[in-house]
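Here the structure is a predicted model, which is why all the values come from computation and not from measurement. Whatever order the structure lists them in is the order used to number ligands and atoms, beginning at 1. Worth knowing before you read on, the calculation uses all heavy atoms, side chains too, and leaves out hydrogens, waters and symmetry mates.
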Amino acid sequence: MTELTPAPLSARAMGTPLNRVDGQAKVTGSASYAVEHRLEHPEGALHAWMVQSTVAKGRISDIDASGALAHPGVLSVLHHGNAARLADTEDRELAVLQDDAVGFRGQVVACVVAESPEAAREGAALVSVTYDEEPHRSELTLDTDCYAPDKVNPAYPTDTEEGHVEAALASAAVTVDQTYRTPYEHNNPMEPHATVAVWHDQHDGPRLLLYDSTQSVHSVASTMARVMGIERSRVHVLAPHVGGGFGSKGLPHCHEVVATLAARAHAGRPVKLAMTRQQMFALAGYRTATIQRVRLGADREGRLLATDHSVVEQTSAIKEFAEQTATITRMMYASPARRTRHRLVSLDVAVPSWMRAPGEMPGSVGLEMAMDELAYACGVDPLALRERNDTEVDPDTGKPFNNRRLVDCLHRGAERFGWSGRPAEPRGGVDGDWWVGTGLASSTYPAFVMPGNSATVRALPEGRYAVTIGAVDIGTGAWTVLTQIAADALGCPVEGIELGIGDSTLPAASVAGGSSGTSSWGSAIAAAAQAFRKEHGDEPPPGATTTASPEPSAGRENHAMHSFGAVFAEARVHRYTGEIRVPRLLGVYSVGRVVNPTTARSQLIGGLTMGLGAALLEESYRDVRFGHVVTQDLATYHVAAHADVADVEAEWLDEEDTVASPMGSRGIGEIGIVGTAAAVANATYHATGVRVRELPVTADRFV
Ligand code: MOS
């Protein structure tokens, strides 16, 4: 079947700034998001509202639903005493309303179903739950017991060691040994997590329909089938438009199960469930806090002899999540001796999950701030230090990098940003009452192509084609770029493509995550188009149909597949108040061919903006007495807003990477956030001479 390996595509539509094909529907409001879907039912939809635990650990001793049930409009209150049993309760995050155990504050303990959202919410406030409370632990410290997980996400070794790290550190002319901390962060996509569920009990068994806000209709369908114990083919998940995810919608969370249990209890009637912004801080995943000790040893010119990156981070006692924080240090720079290590502290807190560049984002904070410290310690320019430690071979796997252009990104960025001529010493720039400095960091992200994708091409009249795959556009532009890829693969204009995505009845597609969507789905579309043309020629009869999957590429397997970038920041710190401003932020990236410059630029400057927010603003504050996050709204959890974002620009090198994918492209969704917080923090050090080793860098930390 090797003939199905798609040949590189010729680019006609690819590379052009096609406007979003779903843009008009979005700006006119006709694009329906999850709970906006209106499903036919004579009595209309029901509304579900989740009741959350007010203790961090313990047992539910009693639930009194009488007050809620007496409230007008309330139809039912589901809890562990009356909800249907799930077929699979192994995933404790999804095993809701099954038993009396409470594993974290904010866990769902009941669900009120009512005729209106207002009645459901009021009913939820009237449910009286009493607990046998047990002592809990919710504080991440270095003094708490920790353990080594079997692997870190998704399947990397927990620890690695190569060479004699201690000996190399002892013999190094210059060393850095510092501890860096990154905070809890919460994904805050514009559209909260939401679902409409309809359960039908039919003569041949149950059937479940979900309109969901998800990054993967296929994974929601298979997870719900497994958890509910029904056949996969009888679960239908639709997500035509999704208002952001950042990873928080990459895997199903408990609300999909709650909505389904409610729908099952009211079979035939659609049930709508939307998380509130506050609920998202307990139920939709988050980035764990990290404590990272980084030790670097180098010769006088800054050539690394040893790197040691040791991370302590947090997981939930009910479900393990192991952020791959130190994996970036395994491949970023040449260093003869290298060690990385991950340890988890298990706490009675909500379950962490994916958030844009899990692993690489927090890991780049520790590594790239330590590299900055090494540069000053050696008296070497931070850019020259990165260049001096560049490597053509991945130190971790020994494989050659497919297309490592880190140094090109650094040089192009330096030229455009105006890096040269900066004061070598910190606190060398003053403008009125502001200290002014610049900083940089390297960036990288793996170039994944996920297995298990396929696509279907069907000929339509008048030379047009229907192209379908169960992919999801979470706001990134997938509707648009997949249309461009399909047009080039079939040799027709973009107007000739009728794309279908966002539906679990369409061919298998991997998650819109890991910056892998365009590469994975595009490879499937390219393979299907090539197989279609081989089978039906260039003038196929309407109705001619072919489904195909891409073959694994030997070129990919023989190389270390990564994208690279360089981020430059200017920071101004007010000498009296400590106020921080970032007037300029620039990222230069090597990401293969850019399929659509408009949507790509949005992705990259979006990542840079999120990195700016991580540098200066984002922090979820946990009250360890009660175990919950108190900053649970956008008034107290600050993200970068327009006034914080001045001049943020992204640029990419002109290139094409046919080893990475038949489109010549790699992923772009996450690399923009990697390194960015370190670049900003490094700029604040250059401005002030004070090294803040904890994010976010706030005025009070310049002490
Ligand atoms: Mo992204 S955190 O891989 O959805």
Side-chain angles (χ1 to χ4, degrees), residues 152-156 182 184-193 212-220 223 239 242-253 256 280 284-290 313 321-325 327-328 351-365 443-453 470-478 481 501-502 509-521 561-563 591 599-600 602-604 606-611 613-614 618 620 639 665-677:
V152 294
N153 294 318
Y156 294 112
T182 61
Y184 295 109
E185 292 176 354
H186 280 78
N187 298 289
N188 271 289
M190 289 298 285
E191 183 199 15
H193 297 62
D212 199 18
S213 186
T214 177
Q215 295 172 226
S216 173
V217 286
H218 284 283
S219 93
V220 172
T223 302
V242 176
F246 304 121
S248 70
K249 297 172 185 170
L251 298 164
H253 295 293
E256 280 121 328
M280 288 166 65
Y286 59 97
R287 199 194 296 284
T288 175
T290 70
E313 54 201 18
F321 181 88
E323 181 105 357
Q324 67 275 39
T325 305
T327 54
I328 190 169
V351 184
S353 187
W354 299 334
M355 181 164 171
R356 204 172 198 169
E360 279 78 10
M361 188 273 157
S364 67
V365 174
S443 181
T444 187
Y445 197 77
F448 294 119
V449 171
M450 301 297 181
N453 283 270
V472 180
D473 188 333
I474 60 171
T476 52
V481 298
I501 61 171
S510 50
V511 62
S515 301
S516 68
T518 303
S519 300
S520 308
W521 311 326
M561 302 295 300
H562 291 261
S563 284
V591 288
T599 54
S602 295
Q603 285 296 295
L604 293 170
L608 286 159
T609 301
M610 207 164 163
E618 290 197 42
S620 300
V639 299
S665 63
R666 298 192 294 264
I668 47 173
E670 283 155 292
I671 193 167
I673 198 175
V674 181
T676 304

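- Of the residues listed (Val591, Val674, Ile668), the one engaging Ser563 in a side-chain contact (heavy atoms from CB on, under 4.5 Å) is Val591, and it is the only one.
- Checked by distance only, ligand 1 and Gln215 come closer than 3.5 Å through their nitrogen or oxygen atoms.
- Residue Gly247 places at least one N or O, backbone or side chain, under 3.5 Å from an N or O of ligand 1.
- Residues Tyr156 and Gln324 have side chains that never bring a donor and an acceptor to within less than 3.5 angstrom of each other.
- Using modelled atom types, one side-chain atom of Arg287 and one backbone atom of Arg356 make a donor-acceptor pair closer than 3.5 Å.
- Looking at Glu618, its side chain never comes within 3.5 Å of a backbone N or O of Gly613 through a donor-acceptor pair.
- Ranking protein heavy atoms by distance to atom 1 (Mo) of ligand 1, first place goes to Glu670 OE2, 3.1 Å.
- Ser515 places a side-chain N or O within 3.5 Å of a backbone atom of Glu670 that can act as its donor or acceptor partner.
- Below 4.0 Å from some heavy atom of Phe246 lie the following atoms of ligand 1, by number and element: 2 (S), 4 (O).
- For atom 3 (O) of ligand 1, the closest non-hydrogen atom on the protein side is Gly514 N, 2.5 Å.
- Contact between Pro358 and ligand 1 is present, with at least one heavy atom of the residue lying under 4.0 Å from the ligand.
- In the model, Glu323 has no side-chain atom that pairs as donor or acceptor with a side-chain atom of Thr288 under 3.5 Å.
- For ligand 1, the atoms sitting less than 4.0 Å from at least one non-hydrogen atom of Trp354 are 2 (S), numbered in the order shown with element in parentheses.
- The Arg356 neighbourhood of ligand 1 comprises atoms 2 (S), with distances under 4.0 Å to a heavy atom of that residue.
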